[in-house]
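Below: one structure, written as structure tokens.
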Amino acid sequence: MARLAQTAGLTDVQQEILSTVRDFVDKEIIPVATELEHRDEYPQDIVDGLKELGLFGLMIPEEYGGLGESLLTYALCVEEIARGWMSVSGIINTHFIVAYMLKQHGTQEQKDHFLPRMAAGDIRGAFSMSEPALGSDVSAISSKAAKDGEEYVLNGQKMWLTNGGTSSLVAVLVRSDEGHPEGTAPHKSMTTFLVEKEPGFGEVRPGLTIPGKIDKMGYKGVDTTELIMDGLRIPANRVLGGVTGRGFYQMMDGVEVGRVNVAARGCGVAQRAFELGVRYAQQRHTFGKQIAQHQAIQFKLAEMATKVEAAHAMMVNAARKKDSGERNDLEAGMAKYLASEYCKEVVEDAFRIHGGYGFSKEYEIERLYREAPMLLIGEGTAEIQKMIIGRRLLEEYRFQG
């Protein structure tokens, strides 16, 4: 888009990075996205191109071979990539979260070992909290780690791993009772383990199985999997940060920046839906004129564009707040909630503008219509965001009576 979703105050370097990513999206992603999505095919050529651009190391510090860019730069790049195909943004999102958690919470040995290869894209990251028997209730995690000498033995089943098959490093959250007596609050007895594995499906290392891809309504191309641990042995030096009991806080820190990422994805998909809708409205004629000349369609386009602008502004604000070093859970929750809801609405309006053709797989809007719902649940449902927002507002506006 030439006018919508512009970001003021960017440096020359940020503008150059975004211009490069935008060109890549227009030339390498949009022309092939729908075909690959319909085949549920992993976009290896696109991923290789992102690796060449250095995007896997965008926020990793320069001392580890990354570009050392801000969360804002990353979010704006994600917005552009999601405009082309949301699944591609998912491939780099979980990688980014693991790299961020390592940068913020890892030991020096862990940073030195993983971050240079993650920056180069040679190690791809995935992270895992959810399990089959729980949704948003992270405190109900039942997967466990038991200390055995200088190792931990992990058992349990995890669910909804993005990049579960293609990744070679998974940050896994499990319960670890060692050093945490009975009665300890659940969130204080969780630990994040850095699990290295071979890419692929089946038994990818002794005690660790990735059964296969979960078939999904949308968000195809990227692999979403289960993860089964049965006597998986992990050395103690692969506890993130070197100390047990901090996993919940580490994961929540990662999810917080992940929510900015999901907001950016919602902005990107909504922008693409608007582009498709406004273009089709000027191509389709009814009653002797473009449907764009009908007031009903103009009203719809006006609402869509306003939602794109509002979501983008909130996403940028949340990213800048995090970059400043301030707490941003309120802003990230608001941005994720608004962007995902507005994305769904903008996509549906673009679908309506297309009429019957929107139902055809020949038109790109059909793919977007199936992709948008994932953003409503990824990185926390709308209800979870409202809980976070409500609690934070009560902290800020506590009545002294």
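Side-chain atoms are counted along with the backbone in the values below, which use heavy atoms only and exclude waters and symmetry mates.
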Between Ser168 (side chain only) and Glu198 (backbone N and O only), is there a donor and an acceptor less than 3.5 Å apart?
no
Within the side chain of Asp230, is there an N or O that forms a donor-acceptor pair under 3.5 Å with the backbone of Gly156?
no
Separation between CD1 (Ile384) and NZ (Lys336), nearest 0.5 Å, reads 10.0 Å
By salt bridge (charged side-chain N to carboxylate O under 4.0 Å, His left out), Glu366 pairs with (sequence neighbours left out) Arg370
About how many Å separate CD of Glu371 and CG of Leu368, when rounded to the nearest 0.5 Å?
5.5 Å
Assess, by modelled atom type and distance only, whether the side chains of His312 and Thr7 contain a donor and an acceptor separated by less than 3.5 Å.
yes
What residue pairs, at least two apart or across chains, pass ring pair (Phe, Tyr, Trp, His ring centres under 6.0 Å) with a residue in residues 368-388?
Phe351-Tyr369
Taking the side chain as everything from C-beta on, heavy atoms only, tell me whether Asn261 gets closer than 4.5 Å to Glu379.
no
Which residues pass the side-chain contact (heavy atoms from CB on, under 4.5 Å) test with Ile297, sequence neighbours left out?
Ala281, Ile291, His294, Leu301, Ile353
Take Phe114 and Ile123 through the side-chain contact (heavy atoms from CB on, under 4.5 Å) test and state the conclusion after the steps.
CA-CA 8 Å; Phe114 290 113; Ile123 287 181; 3.9 Å; yes
Quick test of your reading of the model: are Arg352 and Glu348 salt-bridged, counting only N-O distances below 4.0 Å?
yes
Pair Glu37 + Lys220, salt bridge at N-O below 4.0 Å
no
Is the number of heavy atoms from other residues, nucleotides or ligands within 6.0 Å of CD (Glu109) greater than 12?
yes
Approximate separation, where rounding is to 0.5 Å, of Glu203 CD and Lys197 NZ
12.5 Å
Backbone N or O of Val243 within a donor-acceptor pair of the Arg246 side chain at under 3.5 Å?
no
Ser360 side chain to Glu362 main-chain N or O, any donor-acceptor pair under 3.5 Å?
yes
Kindly indicate, with the supporting measurements, whether the criterion salt bridge (charged side-chain N to carboxylate O under 4.0 Å, His left out) is fulfilled by Asp223 and Lys216.
CA-CA 10 Å; Asp223 48 292; Lys216 309 180 296 275; over 6 Å; no
Inspect the contact between Asp148 and Arg233 and indicate whether a charged nitrogen and a carboxylate oxygen are less than 4.0 angstrom apart.
yes
How would you list, by chain and number, every residue that makes a ring-ring contact (aromatic ring centres under 6.0 Å, His included) with Tyr342, sequence neighbours excluded?
none
Any carboxylate oxygen within less than 4.0 angstrom of a Lys/Arg side-chain nitrogen, looking at Glu395 and Arg327?
yes
With sequence neighbours left out, which residue pairs that include part of residues 56-69 fulfil the salt bridge (Lys or Arg N to Asp or Glu O under 4.0 Å) condition?
none
What pairs with Gln290 under side-chain contact (heavy atoms from CB on, under 4.5 Å), at least two apart in sequence or on another chain?
Gln282, His285, Ala292, Gln293
Whether Glu16 side chain and Val13 backbone form a donor-acceptor pair below 3.5 Å
no
Ring pair (Phe, Tyr, Trp, His ring centres under 6.0 Å): which pairs involve residues 233-263, sequence neighbours left out?
His187-Phe248, His187-Tyr249
So, does Arg175 use its side chain to make a donor-acceptor pair with the main chain of Ile141 at under 3.5 Å?
yes
Drop me the distance from Arg117's CZ to His113's NE2, to the nearest 0.5 angstrom.
4.0 Å
With side chain to side chain donor-acceptor pair (under 3.5 Å) as the rule and sequence neighbours excluded, what pairs involving residues 301-311 come up?
Lys307-Glu345
Pair Trp85, Val269 - check side-chain contact (heavy atoms from CB on, under 4.5 Å), show working.
CA-CA 8 Å; Trp85 184 13; Val269 174; over 6 Å; no
Taking the basic N atoms (NZ, or NE/NH1/NH2) and the acidic carboxylate oxygens, is any pair closer than 4.0 Å for Glu275 and Arg272?
yes
Among Arg320, Arg392, Lys321, which one satisfies side-chain hydrogen bond (donor to acceptor under 3.5 Å, both in side chains) with Glu331?
Lys321
In terms of heavy-atom contacts, does CD of Gln298 have more than 12 from other residues, nucleotides or ligands at under 6.0 Å?
yes
With Asn163 as reference, evaluate Thr224, Thr94, Asn93 under the side-chain hydrogen bond (donor to acceptor under 3.5 Å, both in side chains) test and give the passing residue.
Thr94
Are any of the side-chain nitrogens in Glu196 or Arg238 under 4.0 Å away from the carboxylate oxygens of its partner?
yes
Apply side-chain contact (heavy atoms from CB on, under 4.5 Å) to Tyr64 and list each qualifying residue two or more places apart in sequence or on a separate chain.
Ile60, Pro61, Gln108, Lys111, Asp112, Leu115, Pro116
side-chain contact (heavy atoms from CB on, under 4.5 Å) assessment of Gln157 paired with Met229
CA-CA 6 Å; Gln157 184 178 1; Met229 300 173 289; over 6 Å; no
How many angstroms lie between CG in Leu154 and OH in Tyr152, if you round to the nearest 0.5 Å?
10.0 Å
Going through the distances and angles, do Thr225 and Trp160 end up as a side-chain contact (heavy atoms from CB on, under 4.5 Å)?
CA-CA 6 Å; Thr225 73; Trp160 306 117; over 6 Å; no
Check this for me: does any side-chain nitrogen of one of Glu131 and Lys158 sit under 4.0 Å from a carboxylate oxygen of the other?
yes
Over 12 foreign heavy atoms within 6.0 Å of CD, Glu150:
no
Evaluate Lys386 against Glu383 for salt bridge (charged side-chain N to carboxylate O under 4.0 Å, His left out), listing each step before the verdict.
CA-CA 5 Å; Lys386 290 176 185 178; Glu383 290 72 23; 5.3 Å; no
Exactly one of Lys344, His354, Met304 should register a side chain to side chain contact (heavy atoms under 4.5 Å, CB included) with Asp349. Which one does?
Met304
Strictly distance-based, threshold 3.5 Å: is any side-chain N or O of Gln385 a donor or acceptor partner for the main-chain N or O of Gly380?
yes
Can you give the donor-acceptor pairs under 3.5 Å from side chains of residues 44-59 to other protein atoms, not counting sequence neighbours?
from: Gln44; atom 1: NE2; to: Asp48; atom 2: OD1; distance (Å): 2.9
from: Lys51; atom 1: NZ; to: Asp122; atom 2: OD1; distance (Å): 3.1

Any carboxylate oxygen within less than 4.0 angstrom of a Lys/Arg side-chain nitrogen, looking at Lys322 and Glu326?
no
Hits for side-chain hydrogen bond (donor to acceptor under 3.5 Å, both in side chains) against Ser19, two or more places apart or cross-chain, chain-then-number order -> none
Partner of Leu208 by side chain to side chain contact (heavy atoms under 4.5 Å, CB included), out of Val170, Val195, Ile234, Val172:
Val195
Applying ring-ring contact (aromatic ring centres under 6.0 Å, His included) to Tyr219 and not counting sequence neighbours gives none
